[in-house]
Structure formats: structure tokens, C-alpha cells
Amino acid sequence: MVSIADVAERAGVSPTTVSHALSGKRKVSDRVRARVEAAMRELGYVPSRSAQNLAIGRTRVLGLIVPDIRNSFFADLTHGVEATAIRHGYNVILCTTGFDHAREVDYLAMIRSRAVDGLVYAAGAPPTNSQLGALLGDLPLVLVDEEVPGANAPSFVSDNLDGGRLAAEHLLGLGHRRALVIAAEGGLVSSDLRVRGFQDSWAASGAEAPLVAAGAFTEEGGREAIGPHVEALRGEGITAVFAVNDLMALGAIGALQRAGIEVPGQVSVIGFDDIPAGRYAHPRLTTVRQDVDELGRRATTALIAALEEEPAARPDRHVLPVSLTARRSTAAPPTAQGKADNRG
Ligand code: RIB
């Protein structure tokens, strides 16, 4: 296979000069360029993309860090990022962190030392903003799904505050007045905003402040968070549960059903994401829908634009709308349905 070195020898120049003639990174004289092009023709040399990219200090590979691809939300986000990257001629290196802070920091440190041109980062247990800056240096970065407060990078997130409001207003509209919120532990901005949106809307109705439990952003996390409150849900008139993601909502529904509590007959449950598992659950899950494909597409397009155009991307916060998808896991509370109350 003809190499850059063969072309250089035939043209009587150095391999570096051939790389500069290929990349345009440094100017070469017309006479030298003519000798290089003649040598390429005579030898039948075809520059490989990796040679071209390396010649200009690029790999056309993007890093993608996400917390948990067992959660189809992140699987779909990964698909959206990769599909967009491939359309633009880039490949993707995927790292999953399991919401583990130490693992997340290790991957951030590793990704900078790997031949990637930039990073799309869906934080699960992020470092502080200053630590993030120290770990990544000047590596082009776009945040998706989860904000890192103070980070000097553009972010693409769903309107989590409005999503919490939509969940509250759906339940209030059905007649619920006492609720339990299942938040995600770890102080994630997405969860905090969903809970705040729900609480603000709930308070504005004059209803009693909801109970708040916390768990991991997983089905088990939802099951474990609701466990200590099952009796309150059975006997103290709490008739509604809002979980800050669908997996937690499905875990909570399973725990309620195992305790003999009907969903939605005795307790209504609403989630957040609109993952496929919720569409085929029993009962089918009411949820707040995120446009995960658009999140992935917008974040990746912004990163590639920052790599290929000037100036560097501004650290703007891009908020994508969410919508309510009402299904069978929510209904009017028992008393409003004329059924026996929760104590029955
Ligand atoms: O399901 C995972 C959750 O983590 C999603 O709601 C996503 O937005 C992030 O908050």
C-alpha cells in the first residue's frame, strides 16, 4: 500500500511537507505542491481519511458519556447522538458510568487523553464545574439532559420545571389533593427541577405539601423509595404518586400492586420520560414525555458545529419542551369515583 513516505520520497520532500500539502494546515509553494501531486498520481496514492484527519490534528471521533444504557431513555439518547454523528462523518466512543461518581470522573479523565475531537456529556454523578474544567481542559464539550451548574459549555435539556408542573396539574385536575413525590438521590438538577415544578403547582392549588421520598434513578430505586410509605398510601388518604422518571414509577407501581393496592383504582402514578416500557406496562403509564431524539440530535449538531466552524459554541442553555401523555395509571381518586376509600 502506497504511504505518505513513498510519496515524499518520490517528490523529494519530507513526509511532513506531504501532510501539509494534503491538509492545507501549512502553506507549501506551488512548485512543491506540483511535485507532490505528480508523485501521488504516479504512485496511485489515495489519502486515507484518518491520514487526512491526523494531518490536521482531528480524529472525527466524538466521546459520549451517559449514566445507564439499561434505561432505554439513555439507549435512545445514545442512538440519537450516534445517528447524528455518523451523518456528519464522525464515529462515537460510548462510556457508561452507572451513576457512579468515581467512575464518571475516571471516564472524563480518560476521554480527554483519547483521540476524540469533542465530548457529549449526559452527567449522572458529575464533578463540580471547576473539577470538570480541570479534567477536560479545552476539549470541546456539550452537556445534554443534565446540567452541571456553572459549566462553561452549551447544554441541551428538557423543560424539567414545566414537566413537574404538568404532572401536578394532571393529578390536581383529576381531583387528587394528597401526593407522594419520588425524587432521584444525588442532587441532580433534572430531578430537583421536576420536584420543584410539581411542588410549586401543588402549593398554588392550596393542597397539602406532598411527601417527598428519594431513590436511585432505577426501577429498584422507585420500589425502595415507596416502600416505607405504602401504609400511608393505603390508609392516610395519599392517592397520587409522581416519580421523576418512568423506571422509578414502574418500580413504585410494582411495590403498590404487591401490597395489594390497586393502580389507579386506589393510587394514581405518573412518571417522566415516556420510555417504551411505560407504554406496555399494566396499567399503561401516564408520563411526561421528553423528546430524547431531539435532545441527542441538537447536542451533537452543536458540538460538530463548534468543531468545524468558528467561533466556539456559546455556553447557552437550550431548553426543549415536554408534554403530558395521559394513560391508564392515573384516574380520579377513589372517593371521587364513589368507590370505597383507601381503607377498604
Ligand atoms: O430516566 C433517566 C432520567 O435521568 C431521565 O429522566 C433523564 O432526563 C435524567 O434525568
Side-chain angles (χ1 to χ4, degrees), residues 64-78 94-108 121-128 143-149 157-158 160 163-164 167 179-199 210-230 232-233 238 240-259 261 263 267 269-278 281 285-290 292 295 322 329:
L64 170 60
I65 295 179
V66 300
D68 180 8
I69 52 172
R70 292 170 307 169
N71 179 344
S72 61
F73 174 87
F74 292 113
D76 290 344
L77 181 66
T78 299
L94 173 65
C95 307
T96 63
T97 63
F99 289 102
D100 177 285
H101 176 72
R103 203 156 124 204
E104 201 146 326
V105 170
D106 286 347
Y107 269 135
L108 287 164
Y121 178 28
T128 62
L143 300 172
V144 66
D145 177 54
E146 198 65 52
E147 299 171 68
V148 176
V157 296
S158 289
N160 293 302
L180 166 70
V181 171
I182 303 179
E185 58 200 9
L188 290 170
V189 173
S190 61
S191 174
D192 292 349
L193 288 175
R194 294 170 194 173
V195 173
R196 193 193 324 158
F198 187 95
Q199 289 174 321
L211 273 177
V212 180
F217 245 147
T218 60
E219 193 171 344
E220 186 180 3
R223 188 165 57 245
E224 290 181 353
I226 202 170
H229 302 283
V230 166
L233 286 154
I238 296 179
V241 174
F242 168 49
V244 293
N245 88 339
D246 284 350
L247 286 183
M248 297 169 97
L250 294 174
I253 289 175
L256 290 169
Q257 291 173 334
R258 276 189 294 279
I261 296 174
V263 177
V267 174
V269 179
I270 181 169
F272 202 110
D273 286 346
D274 195 11
I275 62 172
L285 186 62
T286 295
T287 188
V288 176
R289 174 175 176 69
Q290 296 195 68
V292 60
L295 279 172
V322 296
S329 66

Give every donor-acceptor pair under 3.5 Å between a side-chain atom in residues 187-194 and any protein atom, sequence neighbours left out.
| from | atom 1 | to | atom 2 | distance (Å) |
| --- | --- | --- | --- | --- |
| S190 | OG | E146 | OE1 | 2.6 |
| S190 | OG | E146 | OE2 | 3.3 |
| S191 | OG | A184 | N | 2.9 |
| R194 | NE | N160 | OD1 | 2.7 |
| R194 | NH1 | V244 | O | 2.7 |
| R194 | NH2 | N160 | OD1 | 2.8 |

In short, D100 meets A125 closest at the heavy-atom pair C-CB, 4.0 Å
Closest non-hydrogen contact found for A122 with D145 is CB-CB, 4.5 Å
Closest non-hydrogen contact found for I182 with G222 is CD1-O, 4.1 Å
Minimal heavy-atom distance between R103 and T96, with the atoms involved, is NH2-O, 3.0 Å
Q. Okay, side chain of S329, backbone of T286: is any donor-acceptor separation there less than 3.5 Å?
A. yes
Please output the side-chain donor-acceptor pairs of residues 66-73 that fall under 3.5 Å, not counting sequence neighbours, one pair per line with the distance.
| from | atom 1 | to | atom 2 | distance (Å) |
| --- | --- | --- | --- | --- |
| D68 | OD1 | R70 | N | 2.9 |
| D68 | OD1 | R70 | NE | 3.0 |
| D68 | OD2 | R70 | NH2 | 3.4 |
| N71 | OD1 | F73 | N | 2.8 |

| message | Using modelled atom types and a 3.5 Å cut-off, is there a donor and acceptor pairing between side-chain atoms of E224 and backbone atoms of G215? | response | no
Output for pair (D76 CG, I275 CD1), nearest 0.5 Å, gives 9.0 Å
Value for CG (L143) from OH (Y121), rounded to nearest 0.5 Å, stands at 8.0 Å
When every non-hydrogen atom of L180 is compared with those of H229, the smallest separation belongs to CD2-CB, 4.0 Å
Between P126 and G124 the two heavy atoms that sit nearest each other are CD-C, 3.7 Å
In short, side chain to side chain donor-acceptor pair (under 3.5 Å) pairs touching residues 243-256 with sequence neighbours left out are D246-T287
